[in-house]
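Dropping the structure in here first, questions after.
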Amino acid sequence: MSRYEPRHIESKWQTYWDEHETFVTSNEPNDASQGKMYVLDMFPYPSGSGLHVGHPEGYTATDIVCRFNRMKGKHVLHPMGWDAFGLPAEQHAINTGTHPRVTTYENIDNFRRQLKMLGFSYDWSREISTTDEDYYRWTQWIFLQLYDTWYDPEMTWTDQNGTKRTGRGRPISELPIPEDVSEKGEQSVRDYQDQHRLAYQSNAPVNWCPALGTVLANEEVTAEGLSDRGGHPVERRALRQWMLRITAYAERLIDDLEDLDWSESIKILQRNWIGKSVGAEVDFFVELPSNSESASSATFDDWKSARKNSGLPQTPEGNVLRVYTTRPDTLFGATYMVIAPEHQLVDTIVTDDKRSEVEEYRRRSALKSDLDRTDLAKEKTGVFTGAYAINPVNGEKTPIWIADYVLISYGTGAIMAVPAHDERDLEFAQTFDLPVIEVVDSGSDDVENIGFTGQGTAINSGDYNGTPTQQFKEKITQDLQAAGLGKQATNYRLRDWLFSRQRYWGEPFPIWHELDEEGTPTGNIRTVDESELPVTLPDMDDFKPKGTPDPPLSWAPDEWLYSVAEDGTRLKRETNSMPQWAGSCWYYLRFADNKNNSSFIDPELEKYWLPVDLYIGGAEHAVLHLLYSRFWHKVLFDRGYVSSVEPFQKLVNQGMILGENNEKMSKSKGNVINPDDVVCEYGADSLRLYEMFMGPLEQVKPWSMKGVEGVYRFLGRVWRLVTDEQSDDVKLSPAVQDVAMNEEQERVLHKTIKGVTEDIEKLSFNTAISKMMEFTNFFTGQEVRPKEAIQSLVLLLAPFAPHISEELWQLLGHSESLTYAPWPSFDESKIAEAEIEIPVQVNGKVKAKIRIPAVADQAAMQKSAETNELVQKQLEGKQIVKIICVPKRMVNFVVKG
RNA sequence: GCCGAAGUGGCGGAACUGGCAGACGCGCUGGAUUCAAAAUCCAGUGUCCCCAAAGGACGUGUGGGUUCGAGUCCCACCUUCGGCACCA
């Protein structure tokens with residue numbers, strides 16, 4: 001008896017595909033091509049534990065789409081690669097002494113083996129790893145472009161597609177240098193340029209994680225103040241770091257989401273992350289204490305009239321506190337000011353009697369980790385500085401406090417507190433017994449004005465009384481602008497991207513630091529010339545953090561670390577490395593042209609293949625990876641290197657697969673399913689089919705071994721549908737005959753083709769599979785199985801279970817792979833039934849069923865329903881109020897009595 | 001607290017644009033095949049009332065509403081999951 005033996009079939013076809021280069025994709029479409037289709041998986045980090053069942057979920061989905069589209073005649077690009085830089089390989093090296101390069105390439109080999117075992121139709125000739133020198137050469141090159149770019153928000157220009165745009169990343173050489181800067185000489189110009197580059201260095205406080213020995217991005221620190229990876233405590237420290245000015249692109253990163261075919265919830269996630277808010281900046285005159293050196297005799301009135309003439313300066317004077325607020329309409333309710341402990345103005349304004357207290361508070365908050373700040377969130381703290389600001393609208397003297405609930409990194413690092421209409425301010429005011437003035441009327445007796453943060457009508461606001469919130473905001477912003485006291489301002493929650501790590505296993509920066517005679521950095525830097533890329537990682541054996549923020553590269557061999565420039569300047573390399581995100585920011589571009597030695601991608605190939613038509617991956621990358629990639633892409637776009645505005649046209653996030661117990665799979669819970677084991681027992685086709693059959697792709701769903709058995713049984717049924725069970729060797733079943741289908745068989749076939757085709761297009765794979773099951777159940781019951789129907793099923797099944805399909809296809813007499821066989825087409829007219837059954841309802845409840853011609857009109861339907869015995873019984877003695885007939889659907893009698 | 005997604009049999013899930021709720025699979029029950037088993041095939045399977053059948057009632061998180069008709073639309077609420085969290 002010939003049984004379905006996946007093990008044998010699967011390795012046979014995997015070898016066949018490899019040998020025939022079935023999935024190798026030329027960059028040239030063939031003559032019959034129906035257009036290009038770029039389908040991409042989020043490439044994996046090749047971890048030591050191998051593939052997880054979550055990986056094949058997305059990968060099977062994209063594989064189905066690819067195989068389907070190849071059969072539809074599309075020119076399909078479907079590549080795979082490795083996001084292989086990163087912490088685990090380096091940690092492993094620290095623990096075992098094995099070099100990360102060795103571990104990484106071993107893991108990659110294992111991942112590749114597993115992916116091939118699952119029969120995915122990747123074009124392996126396009127494989128890349130972010131750790132390949134030939135790849136990170138271009139990652140470094142892109143960094144140099146970022147370094148060479150400044151953002152000009154004013155520039156209007158026409159892009160290469162002919163679209164008019166405002167705002168562009170431009171070469172630093174085009175940055176206009178103000179006269180007062182150029183007057184001060186070359187160094188001053190250099191500094192000015194450095195301040196405007198998209199890649200810049202900063203000394204801002206960063207998240208230093210002693211346990212990991214590295215600095216982390218805000219995004220890599222949890223709300224509890226622990227490292228995202230490993231859960232170690234994180235503290236704040238000021239260090240020199242590389243930053244990328246992603247905030248310059250915030251507006252475009254929001255705007256361009258509009259035209260993307262992404263789920264609305266992911267778009268919202270990104271919008272919230274960027275967190276745009278529009279409000280006003282307002283200047284408050286500060287009465288400096290008499291002890292201050294910069295104390296001047298200038299009065300509030302003098303200042304105000306001076307401002308009326310000069311307008312609002314770019315940066316406020318030394319005795320002016322600039323605040324940001326989204327509610328300028330509540331200006332009359334400001335009863336105190338709060339500035340962040342790190343604010344520059346603190347030193348200037350603090351009075352002698354408050355100085356020690358203020359200093360102490362600043363010292364404590366500087367030490368506070370984010371954890372402490374969050375913990376204390378409920379209990380507000382702060383100290384009065386002794387200084388007062390004067391409210392520009394009413395001349396009120398307002399005390400200035402410092403408190404760490406105001407963040408230095410947002411807005412101007414200072415706020416006007418309006419306790420009546422802001423929860424945080426109210427809490428603070430109650431803690432410190434500060435006055436509360438209500439200035440917004442909620443407009444409802446049920447809602448107290450104090451604590452009301454919504455929109456209402458102005459009260460206690462002088463001439464503005466009675467103005468609705470929205471109108472008031474606009475009006476007062478204009479008035480402040482006219483008086484030179486404020487202006488409209490936009491802020492983003494998004495911060496610039498901390499782009500350096502204190503790690504060995506990452507891309508080195510293509511950057512030199514100039515050294516002086518003593519060998520200390522002068523602060524000036526030089527870029528490595530493009531022709532000298534890549535800056536390869538030096539050979540090292542010791543990566544163990546020394547407990548200081550010095551990166552491992554700082555103890556690299558001198559030959560690597562030092563050099564002398566042609567002009568004799570001594571140089572030292574940048575010893576930070578790039579974060580793991582760097583490589584994944586642009587890998588989708590390289591796949592289109594992975595062997596190019598002269599450019600990161602050929603412009604023609606970029607135009608042809610990009611953007612990615614379908615991108616599938618885990619929701620954990622919904623914000624960071626996708627935001628970073630989009631940012632880089634836009635910079636490359638502005639600089640003319642890519643023609644598309646956005647990299648990923650359609651995005652789908654697959655849902656997580658849970659263990660059988662409905663919990664997250666984890667070693668400690670012992671509920672981890674290993675794909676190797678499943679393939680060993682049931683075969684790759686069953687694993688693929690099961691992962692698609694479990695439920696909707698985007699949904700979170702639990703694993704079930706019984707479910708795998710179910711689809712395995714289905715494949716067995718398909719096998720027996722085509723092959724001869726009685727025979728010892730594999731041959732065609734005698735029931736499969738080259739005869740015409742009867743009407744019913746034809747209807748079932750065409751219905752199935754239609755259903756499966758449309759379901760694949762909707763990525764509704766679970767229902768596509770159930771339709772093939774129905775087909776199989778039906779044809780199993782047919783004594784004669786017309787060959788045409790059986791062949792069509794094999795083709796429909798091929799994207800889902802390619803191995804068994806190839807085998808059956810061969811058995812059906814075909815000598816070539818079905819990879820490029822035409823997808824079955826359906827004929828709508830063959831699906832329609834002449835006579836259909838519809839329900840008859842009485843008062844909306846089904847009471848009978850009648851058979852009517854499919855084309856029956858309302859009158860015919862009604863007549864047919866009325867003559868039905870069961871219906872007549874129901875209607876007996878009742879008054880018919882109304883009859884509703886929906887063609888092809890139902891008849892409903894509405895009756896009384 | 002704010003934002004988002006989702007709640008349908010014993011389980012995973014299906015249901016086009018408001019028109020027969022529960023497709024398909026799992027599980028379970030019964031039968032066929034077998035010396036027996038595995039495998040396979042066939043039939044049944046939402047809950048309740050009824051000895052059973054016929055028949056009937058109820059049923060898509062809860063409570064209201066719109067409609068001839070609601071899983072689907074509207075309002076309020078509950079629960080679970082995901083994200084954010086002093087962003088002024």
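FYI, side chains are in, hydrogens and waters are out, and symmetry mates aren't considered; it's all heavy atoms of this structure. Each chain gets a letter, A, B and so on, in the order its sequence line appears, and its residues count up from 1. These figures come from a predicted structure and were not determined experimentally.
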Practice task
For B:G65 and B:C11, measure between their C1' atoms and round to the nearest Å.
Solution key: 34 Å

Exercise for the section: Quote, to the nearest angstrom, the P distance that separates B:G22 from B:A32. Expected result: 30 Å

Practice task
Compare side-chain N and O positions of A:Asn766 against OP1 and OP2 of B:A14 and report whether any pair is under 4.0 Å apart.
Solution key: yes

Problem - Salt bridge present between A:Lys267 and A:Glu258 (N-O < 4.0 angstrom) - result: no

Problem - Distance test, side-chain N/O of A:Arg717 to OP1/OP2 of B:C41, below 4.0 Å - result: yes

Practice task
Please determine if a side-chain N or O atom of A:Asn777 lies less than 4.0 Å away from the OP1 or OP2 oxygen of B:G25.
Solution key: yes

Handout entry: Which nucleotide in B:A88, B:G12, B:C68 has an atom nearest any side-chain atom of A:Phe693
Key = B:G12

Practice task
Take atom C1' in B:G83 and the same atom in B:C68, then report the distance between them in whole Å.
Solution key: 44 Å

Handout entry: Which residue lies more 5' along RNA chain B, comparing A:Met416 with A:Asn843 via nearest heavy atoms
Key = A:Asn843

Handout entry: A:Pro702 side-chain proximity, nearest of B:C20, B:A88, B:G12
Key = B:G12

Practice task
Remember a base hit wins even if backbone is also touched, and classify A:Ser263 as base, sugar-phosphate or nothing at under 4.0 Å, heavy atoms.
Solution key: nothing

Practice task
Just call it for A:Gly710: base, sugar-phosphate, or nothing, with non-hydrogen atoms closer than 4.0 Å on any strand.
Solution key: sugar-phosphate

Exercise for the section: Among the candidates B:C86, B:G4, B:C68, find the nucleotide nearest to the side-chain atoms of A:Lys882. Expected result: B:C68

Handout entry: Polar side chain donor-acceptor pair, A:Tyr361 to A:Thr381, under 3.5 angstrom
Key = yes

Practice task
Using the P atoms only, state how far B:G71 lies from B:C58, rounded to an integer number of Å.
Solution key: 13 Å

Problem - Base-pairing string, 5' to 3', of RNA chain B - Watson-Crick or wobble, under 3.5 Å, | interstrand - result: (((((((..(((......[....)))((((((.......))))))((((.....))))..(((((..]....))))))))))))....

Practice task
Could you give the distance separating B:A85 and B:G10 at their C1' atoms, to the nearest angstrom?
Solution key: 40 Å

Exercise for the section: Examine B:G83: is either OP1 or OP2 under 4.0 Å from a nitrogen or oxygen in the side chain of A:Arg271? Give yes or no. Expected result: no

Problem - Criterion ring pair (Phe, Tyr, Trp, His ring centres under 6.0 Å) against A:Tyr690, the qualifying member of A:Trp703, A:Phe800, A:Tyr712 - result: A:Trp703

Exercise for the section: Before accepting this row, confirm whether a basic side-chain N of the pair A:Asp283/A:Arg322 lies closer than 4.0 Å to the acidic partner's carboxylate O. Expected result: yes

Completion exercise
Out of B:C84, B:C86, B:G19, minimum distance to the side chain of A:Asp404 belongs to B:C86

Practice task
Take the protein atom CZ of A:Phe284 and the nucleotide atom C1' of B:A88, then report the distance between them rounded to whole Å.
Solution key: 12 Å

Practice task
Indicate whether any N or O donor in one side chain lies under 3.5 Å from an N or O acceptor in the other, for A:Arg717 and A:Asn777.
Solution key: yes

Practice task
Please state the C1' separation for the pair B:G1 and B:U8 - nearest whole angstrom.
Solution key: 31 Å

Exercise for the section: For B:C20, take OP1 and OP2 only and decide whether either is under 4.0 Å from a side-chain N or O of A:Lys849. Expected result: no

Exercise for the section: Measure from the side chain of A:Gln841, starting at C-beta and using heavy atoms only, and say which of B:A85, B:C20, B:A88 lies closest. Expected result: B:C20

Practice task
Compare the minimum distances between each of B:C26, B:A88, B:A85 and the side chain of A:Tyr410, then state the nucleotide with the smallest one.
Solution key: B:A88

Handout entry: Lys/Arg N to Asp/Glu carboxylate O, A:Lys701 vs A:Glu57, below 4.0 Å
Key = yes

Exercise for the section: Would you tell me if any nitrogen or oxygen in the side chain of A:Gln699 comes within less than 4.0 Å of OP1 or OP2 on B:A6? Expected result: no

Exercise for the section: Mark yes or no for a side-chain to base donor-acceptor pair under 3.5 Å between A:Lys771 and B:C24, with no hydrogen or angle criteria applied. Expected result: no

Handout entry: Interatomic distance at P, B:A6 relative to B:A57, whole Å
Key = 34 Å

Exercise for the section: Output the distance between atom CZ (A:Arg495) and atom OG1 (A:Thr247), rounded to the nearest 0.5 Å. Expected result: 10.0 Å

Handout entry: A:Arg713 side-chain proximity, nearest of B:G27, B:A85, B:A14
Key = B:G27

Handout entry: Selected nucleotide, minimal atom distance to A:Val886 side chain, candidates B:A23, B:C84, B:G19
Key = B:G19

Problem - B:G13 phosphate, OP1 or OP2, under 4.0 Å from A:Thr767 side-chain N/O - result: no

Completion exercise
Taking for A:Ile769 and for A:Val894 the nucleotide of RNA chain B with the nearest heavy atom, the one nearer the 5' end belongs to A:Ile769

Exercise for the section: Tell me whether B:G46 sits syn or anti, counting syn as a glycosidic angle within 90° of 0. Expected result: anti

Practice task
Could you measure between the two C1' atoms, the one in B:G7 and the one in B:A14, and give it in whole Å?
Solution key: 16 Å

Practice task
Using only heavy-atom distances, determine whether the side chains of A:Thr398 and A:Asn391 contain a donor-acceptor pair under 3.5 Å.
Solution key: no

Handout entry: Ring centre gap for A:Tyr336 and A:Phe428 strictly below 6.0 Å
Key = yes

Handout entry: Side chain of A:Trp273 (C-beta onward), nearest among B:C3, B:C86, B:C84
Key = B:C84

Practice task
Give a yes or no on whether a salt bridge exists between A:Glu758 and A:Lys762, defined as a side-chain N under 4.0 angstrom from a carboxylate O.
Solution key: no

Problem - Heavy-atom donor-acceptor pair, A:Arg889 side-chain to B:C16 base, under 3.5 Å - result: yes

Fill in the blank from the handout: Among the nucleotides B:C58, B:G69, B:C26, whichever has the atom closest to the side chain of A:Lys706 is B:C26

Handout entry: side-chain N/O A:Lys701 vs B:A6 OP1/OP2, d < 4.0 Å
Key = no

Problem - Between B:G13 (C1') and A:Glu774 (CD): distance, integer Å - result: 14 Å

